[in-house]
> 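First the structure, then my questions, so here it is.
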Amino acid sequence: MTVTTLANYINGAWRPSQSEQLLDVHNPATAEVLARVPLSPAEEVDQAAQAAATAFETWRRVPPVERVQYLFRLKTLLEEHIDDLSRSITNENGKTFAEARGEMRRAIENVEVACGIPTLMQSEFSEDIASGIDEFVIRQPVGVAAIIAPFNFPGMIPFWFLPYAVATGNTVIIKPSERCPMTMHLAVELMQQAGFPPGVVNLVNGGADTVNALLDHPLISAVSFVGSTPVARHIYARASANGKRVQAQGGAKNPIVVLPDADLETTIRIAADSAFGNAGQRCLAASLAITVGDARGPFTEAIVAAARQRVVGYGLDPDVTMGPVISPQSKERIERLIEQGVQEGARLLEDGRDIVVRGYERGNFLRPTILDNVPPGGIIARTEIFGPVLGLLHAETVDEAIALVNSGEYGNMACLFTSSGAAARKFRYEAMAGNIGINIGVAAPMAFFPFSGWKASFFGTLHGQGRHAVEFFTQTKVVIERWPKEWSRQF
Ligand code: NAD
């Protein structure tokens, strides 16, 4: 069977890359090569930037009410093709079909919110700041925006930015993850069908060099990034040194705190979904559970039982509840971290290594893994593992638990499980994370809220989604006007 090489989409047409550097895209459950992705050179980034800059001059003049008509059409097309897109996510990323469908729902939700741009772009107006003088704010698009995405939500994450960027009058270049580039290829085909004028949406495949060409390109004004913290730091530093506005969402190490008065059944269901959903490859995955006081025994016993119930396998098989991790390298890295955790004193309650899934012997499978007695300063407590591994810690008081939550480098998410309103309020007030869950795992904020990471989980000021995205993709122009009546002809 021939394997296709993915093309770039520039100025309204699919163009093969001239790059000789090609990477295989694997199905992580079967190891099958699904496609080849080119690592596009700087000249192809330049072609996309030129096309986007030219299209911007016309697109920014299209009234917002007309621009959103393309998004309404896109929303309909995404709905019609949601199963194809979800299958593509499962095949290239490994997550289950249900998880992939959930991902696409969140993508579509962002398109829906951006359809409100005519209202969302409205601004302030003050009449008579002095006699006969008015002052007001206009929101105008910033120009060409680059969107650089990670592998773990290949269908959703570009949509945290793209609908808002184009609805506010910008043009975009998407750079999908080179490990999962196929779903965005399908989504851009739908954008082509939706009729966006040439150059408004562009897609360039590639890796680090392609990204650096985007960060350095003088025609690109804004960069939206989601990925690991070291790369987010690099993106933020390099793009802002080049005078661009940047929002860079990074990695995470998310704690959940369980108090003795929590409803155990709800807590366990949510904690297991949060830790092992998407095989733990979520920036909002729970990776540390901190039990307080008497919560320890019952929580530990029940979470181990819940972990054992996960059915690991190929995400398109209907009974499967957890897919593989993205690559053999990722699997080896996770296994190594588990071993290091054991060596530093953690107790392995559930060991997910050495699993073979019948029929999928070449897949990158792990089972859920649970480590108890995790040392707070050690490798399991500090490292973003990005796999189905949950570390357990214990605290005697809520204050001690919150101190543990706040001792980490990251600040993407923190959750509390309790039936005490006072404890919940204290946690919400004091936990140093940008997304908080109370008796709920944080899936991802709804599209009309910002995806609000803190500390090493975010570099920038304005986050993705909702009003933050509208502000990020627009610049304010403040106008002060005087129209004395004696200058006008009398009618
Ligand atoms: P990654 O940082 O390896 O890659 C992300 C993007 O950066 C890719 O498009 C890749 O091509 C590019 N890239 C990689 N190395 C680069 C370099 N040296 N220079 C320039 N560009 C480079 O991330 P990943 O492994 O694809 O995704 C997983 C990470 O993303 C995890 O750390 C996860 O927590 C994070 N993530 C964060 C959020 C969030 O909202 N904060 C959401 C999803 C994923």
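All values below were derived from every heavy atom in this structure, side-chain atoms included, with hydrogens, water molecules and symmetry-related copies excluded. All ligand and atom numbering here is 1-based and tracks the order in the structure.
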> I want to check something: taking the side chain as every heavy atom from C-beta on, are Thr383 and Arg333 in contact at a cut-off of under 4.5 Å?
yes
> With heavy-atom distances below 4.0 Å as the criterion, list the atoms of ligand 1 near Gln249.
39 (C), 40 (O), 41 (N)
> Could you list which atoms of ligand 1 come closer than 4.0 Å to a heavy atom of Gly251?
32 (O), 34 (O)
> Out of Ala213, Gly434, Ala208, Gly207, whose heavy atom is nearest to atom 19 (N) of ligand 1?
Ala208
> Quick check with a 6.0 Å cut-off and a 45 degree axis cone: is Lys75 positioned over the face of Tyr70's six-membered ring?
no
> Phe458: heavy atom below 4.0 Å from ligand 1, yes or no?
no
> Please identify which atoms of ligand 1 are closer than 4.0 Å to at least one heavy atom of Lys175.
8 (C), 9 (O), 10 (C), 11 (O)
> Looking only at protein heavy atoms, which one is nearest to atom 15 (N) of ligand 1, and what is the separation?
Val231 CG2, 3.6 Å
> Taking 4.0 angstrom as the limit, do Arg367 and Asp351 come out as a salt bridge?
no
> So which protein heavy atom does atom 12 (C) of ligand 1 come closest to, and at what separation?
Val211 CG2, 4.0 Å
> Answer yes or no for Phe153: is there a heavy-atom contact with ligand 1 below 4.0 Å?
no
> Considering only heavy atoms, which of Gly250, Ser457, Ala149 lies nearest to atom 41 (N) of ligand 1?
Gly250
> Once rounded to the nearest 0.5 Å, what's the spacing between atom CG of Leu462 and atom CZ of Arg245?
7.5 Å
> Just say parallel, tilted or perpendicular for the rings of His185 and Trp14, cut-offs at 30° and 60°.
parallel
> Pair Glu103, Lys95 - check salt bridge (Lys or Arg N to Asp or Glu O under 4.0 Å), show working.
CA-CA 10 Å; Glu103 171 176 349; Lys95 67 182 67 174; 2.7 Å; yes
> Which atoms of ligand 1 have any heavy atom of Ile157 under 4.0 Å away?
42 (C), 43 (C)
> Taking 4.0 Å as the limit for heavy-atom contacts, which would you say applies to Thr210 with ligand 1: side chain only, backbone only, both, or neither?
neither
> A side-chain contact here means heavy atoms from C-beta on lying under 4.5 Å apart; do Ile370 and Leu392 qualify?
yes
> Calculate, to the nearest 0.5 Å, the distance between atoms OG and CZ belonging to Ser407 and Arg382 respectively.
10.5 Å
> Starting at OG of Ser287, measure out to CZ of Arg282 and round the result to the nearest 0.5 Å.
11.0 Å
> Which residue supplies the protein heavy atom nearest to atom 28 (C) of ligand 1, what is that atom called, and how far is it?
Phe386 CE2, 3.6 Å
> Apply side chain to side chain contact (heavy atoms under 4.5 Å, CB included) to Tyr164 and Asn110, showing your working.
CA-CA 8 Å; Tyr164 308 96; Asn110 278 281; 2.6 Å; yes
> Which ligand 1 atoms are under 4.0 Å away from a heavy-atom of Asn152?
43 (C), 44 (C)
> Ignoring angles and geometry beyond distance, decide whether Glu384 reaches within less than 3.5 Å of ligand 1 through its nitrogen or oxygen atoms.
yes
> Taking both backbone and side-chain atoms of Gly227, is any N or O found less than 3.5 Å from an N or O belonging to ligand 1?
yes
> What atoms of ligand 1 come within less than 4.0 Å of a heavy atom belonging to Val226?
5 (C), 36 (N), 37 (C), 38 (C), 39 (C), 40 (O), 42 (C), 43 (C), 44 (C)
> Quick one: which of Phe151, Tyr410, Phe225 has a heavy atom closest to atom 7 (O) of ligand 1?
Phe225
> What are the atoms of ligand 1, with element, lying closer than 4.0 Å to any heavy atom of Arg179?
24 (P), 25 (O), 26 (O)
> Enumerate the atoms of ligand 1 whose separation from the nearest heavy atom of Glu178 is less than 4.0 angstrom.
8 (C), 10 (C), 11 (O)
> Suppose we measure from atom 36 (N) of ligand 1 to each protein heavy atom; which comes out shortest, and what is that distance?
Cys283 CB, 3.6 Å
> Tell me, do His463 and Phe472 make a side-chain contact under 4.5 Å, heavy atoms counted?
no
> Only heavy atoms count here, so choose which of Ser330, Ala285, Ala444, Ser228 is nearest to atom 3 (O) of ligand 1.
Ser228
> Starting from atom 27 (O) of ligand 1, what is the nearest protein heavy atom, named by residue and atom, and what distance separates them?
Pro150 CB, 3.2 Å
> Indicate the atoms forming the closest heavy-atom contact of Ala433 with Trp454, along with that distance.
N-CE3, 3.7 Å
> Test your reading of the model: is there a side-chain donor-acceptor pair from Asn170 to the backbone of Ala165, 3.5 Å cut-off?
yes
